[in-house]
J.: 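Handing you this structure, nothing more for now.
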Amino acid sequence: MNILIFGPNGSGKGTQGAIVQKKFNVPHIETGVIFRENISKGTDLGKEAKAYIDRGDLVPDSITIPMILNRIKQDDCKSGWLLDGFPRNLAQAEAMWDAMQKEGINLDNVIEIVLDRQTSKNRIMGRRLCAVDNNHPNNIFIDAIKPVEKDGKMVCRVCGSDKLTTRADDQDEEAIGKRHDIYYDPKTGTLAAVNFFKERVKVIEVDGLPGVKEVSEDLLSKLS
């Protein structure tokens, strides 16, 4: 099963991707990892990508797409793969689709985790990190994992630590807004890419509002 997964920052896309990867035993492929691997191994594409990155430029699709195709042709992808983080816009979707058609690579499903922009923003800004263990999930905007109030102070819902902090990038409203501007753009952005695939393959829409368990149950039932 070859799958693309889409969802705005804050939708739980990474969490759901990991659940799908485990359920179907396929590699969860992220474009950032592909870049790092090609650069560290000194591949021809990696060298070209590094030259762009060193100049502070975006790596063009003519390099990114061949990197992705090379990765999904590897032996561990013979039974399928889950691609996360690409394409990010309509032009990339069109180029990726054309390249896959030329290589005879099928795309079986596209997953779209649907979540409104304000909720996505709230979930990003609501994340709280526990000083005892960053894996203790706390978010002031998600009831299921909301920190507990004790003596007038919010404490970790898992261990009770009163040392909850935020990541600086989670509180950068301008940066969040720019990422969401790209994602929610239905003309040329990521939503335009999703709509492009809707005309060509099965797109599974999943409501991202409920909790992780409810979303994953809905997603897995639709994939099965």
Side-chain angles (χ1 to χ4, degrees), residues 1-22 24 26-41 43 45-46 48-50 52-53 57-74 76-77 80-100 105 107-115 117 120-121 123-124 127 167 169-170 172 175-185 188-198 201 203-206 208 215-216 219 223:
M1 188 180 290
N2 301 334
I3 306 170
L4 291 181
I5 185 167
F6 292 95
N9 292 93
S11 67
K13 175 169 63 74
T15 299
Q16 296 302 328
I19 291 170
V20 171
Q21 182 270 330
K22 185 176 181 181
F24 294 99
V26 295
H28 185 179
I29 299 170
E30 298 177 273
T31 50
V33 175
I34 295 175
F35 276 115
R36 290 192 291 273
E37 287 181 346
N38 276 269
I39 291 171
S40 65
K41 291 177 181 177
T43 67
L45 288 170
E48 291 184 57
K50 188 175 186 299
Y52 281 94
I53 293 170
D57 296 331
L58 293 174
V59 179
D61 298 340
S62 59
I63 295 174
T64 302
I65 292 174
M67 277 188 185
I68 293 172
L69 295 183
N70 287 344
R71 176 65 186 90
I72 63 180
K73 289 178 185 176
Q74 292 179 15
D76 64 334
C77 293
W81 41 263
L82 176 72
L83 179 61
D84 184 354
F86 193 92
R88 295 180 184 274
N89 56 51
L90 177 58
Q92 290 178 342
E94 293 170 339
M96 180 75 174
W97 177 260
D98 289 344
M100 290 177 68
I105 299 172
L107 178 61
D108 299 308
N109 290 290
V110 171
I111 298 168
E112 180 191 8
I113 301 177
V114 180
L115 193 65
R117 183 165 179 159
S120 297
K121 178 182 175 181
R123 286 185 175 179
I124 294 169
R127 293 170 183 155
R167 276 179 20 181
D169 55 335
D170 282 349
D172 188 337
I176 294 169
K178 286 180 179 178
R179 291 199 298 271
H180 282 166
D181 282 345
I182 295 171
Y183 187 87
Y184 288 100
D185 180 355
T188 61
T190 310
L191 282 186
V194 175
N195 291 333
F196 171 85
F197 287 116
K198 283 180 179 177
V201 297
V203 175
I204 297 171
E205 293 185 11
V206 183
V215 173
S216 64
L219 174 54
L223 273 175

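Owing to the predicted nature of the structure, the values given are computational and were not obtained by experimental measurement.
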J.: Would you please name every residue forming a side chain to side chain contact (heavy atoms under 4.5 Å, CB included) with Thr64, sequence neighbours left out?
T.: Phe35, Val59, Ile68, Phe86

J.: Of all residues at least two apart in sequence or in a different chain, which pass the side chain to side chain contact (heavy atoms under 4.5 Å, CB included) check with Val114?
T.: Glu112, Glu205

J.: Kindly give the heavy-atom pair with the smallest separation between Met1 and Val26, and that separation in Å.
T.: O-CG1, 4.4 Å

J.: Go through the structure and list residues passing side chain to side chain donor-acceptor pair (under 3.5 Å) with Gln92, not counting sequence neighbours.
T.: Asp61

J.: Using only heavy-atom distances, determine whether the side chains of Asn38 and Thr43 contain a donor-acceptor pair under 3.5 Å.
T.: yes

J.: Val110 versus Phe6: any side-chain heavy-atom pair under 4.5 Å?
T.: yes

J.: Might you point out which heavy atoms bring Glu48 and Ile63 nearest each other, and give the distance in Å?
T.: CB-CD1, 3.6 Å

J.: Could you list the residues that satisfy side chain to side chain donor-acceptor pair (under 3.5 Å) with Ser11, not counting sequence neighbours?
T.: none

J.: Nearest heavy-atom pair of Arg123 and Gly208: which atoms, and what distance?
T.: NH1-O, 2.9 Å

J.: Mind checking whether Lys13 and Asp84 have side chains closer than 4.5 Å, heavy atoms only?
T.: yes

J.: Between Ala93 and Pro87, which heavy-atom pair has the shortest distance, and what is it?
T.: N-CB, 3.5 Å

J.: Output all residues satisfying ring-ring contact (aromatic ring centres under 6.0 Å, His included) with His28, sequence neighbours left out; order by chain, then residue number.
T.: none

J.: Apply side chain to side chain contact (heavy atoms under 4.5 Å, CB included) to residues Val20 and Ile3 and explain how you reach the verdict.
T.: CA-CA 10 Å; Val20 171; Ile3 306 170; 4.1 Å; yes

J.: Sequence neighbours left out, what passes salt bridge (charged side-chain N to carboxylate O under 4.0 Å, His left out) with Arg117? Give chain and number order.
T.: Asp181

J.: Could you work out, with side chain to side chain contact (heavy atoms under 4.5 Å, CB included) as the rule, every residue matching Asp76, not counting sequence neighbours?
T.: Pro27, Arg71, Gln74

J.: Measure the CG-CD1 distance between Leu69 and Ile34 for me, rounded to the nearest 0.5 Å.
T.: 9.5 Å

J.: Counting C-beta onward and ignoring hydrogens, is there a side-chain heavy-atom pair between Met96 and Leu83 closer than 4.5 Å?
T.: yes

J.: Once rounded to the nearest 0.5 Å, what's the spacing between atom CG of Leu4 and atom CD1 of Ile204?
T.: 11.5 Å

J.: What salt bridge (Lys or Arg N to Asp or Glu O under 4.0 Å) pairs are there with at least one residue in residues 1-10, not counting sequence neighbours?
T.: none

J.: Could you check whether any side-chain heavy atom of Ile39 comes within less than 4.5 Å of a side-chain heavy atom of Arg36, counting everything from C-beta outward?
T.: no

J.: Residues two or more places apart in sequence or in another chain: which of them pass salt bridge (charged side-chain N to carboxylate O under 4.0 Å, His left out) with Arg127?
T.: Asp170

J.: Under the rule for side chain to side chain donor-acceptor pair (under 3.5 Å), what residues qualify as partners of Tyr52, not counting sequence neighbours?
T.: none

J.: Check whether the side chains of Ser120 and Tyr183 place a donor and an acceptor atom closer than 3.5 Å, and report yes or no.
T.: no

J.: Evaluate the ring planes of Phe196 and Trp97, with Trp represented by its six-membered ring, and classify them as parallel (under 30°), tilted (30 to 60°) or perpendicular (over 60°).
T.: perpendicular

J.: Name all residues meeting the side chain to side chain donor-acceptor pair (under 3.5 Å) criterion together with Asp172; count only those two or more places apart in sequence or in a different chain, and write none if there are none.
T.: none

J.: With a 4.5 Å limit on heavy-atom distance, are the side chains of Leu223 and Leu219 in contact?
T.: yes

J.: Assess whether atom NZ of Lys73 is packed by more than 12 heavy atoms of other residues, nucleotides or ligands within 6.0 Å.
T.: yes

J.: Can you tell me if Asp108 uses its side chain to pair, donor with acceptor, with the backbone of Asn2 under 3.5 Å?
T.: yes

J.: Which residues satisfy the side chain to side chain contact (heavy atoms under 4.5 Å, CB included) test with Ala18, sequence neighbours excluded?
T.: none

J.: Distance from Leu115 atom CG to Ile113 atom CD1, nearest 0.5 Å?
T.: 9.0 Å

J.: With rounding to the nearest 0.5 Å, note down the distance linking CZ in Arg179 to CD1 in Ile124.
T.: 5.5 Å

J.: Which distance, rounded to the nearest 0.5 Å, do you find between the CH2 of Trp81 and the CD1 of Ile72?
T.: 4.5 Å

J.: Quick check for you: to the nearest 0.5 Å, what is the distance between Thr190 atom OG1 and Ile182 atom CD1?
T.: 7.0 Å

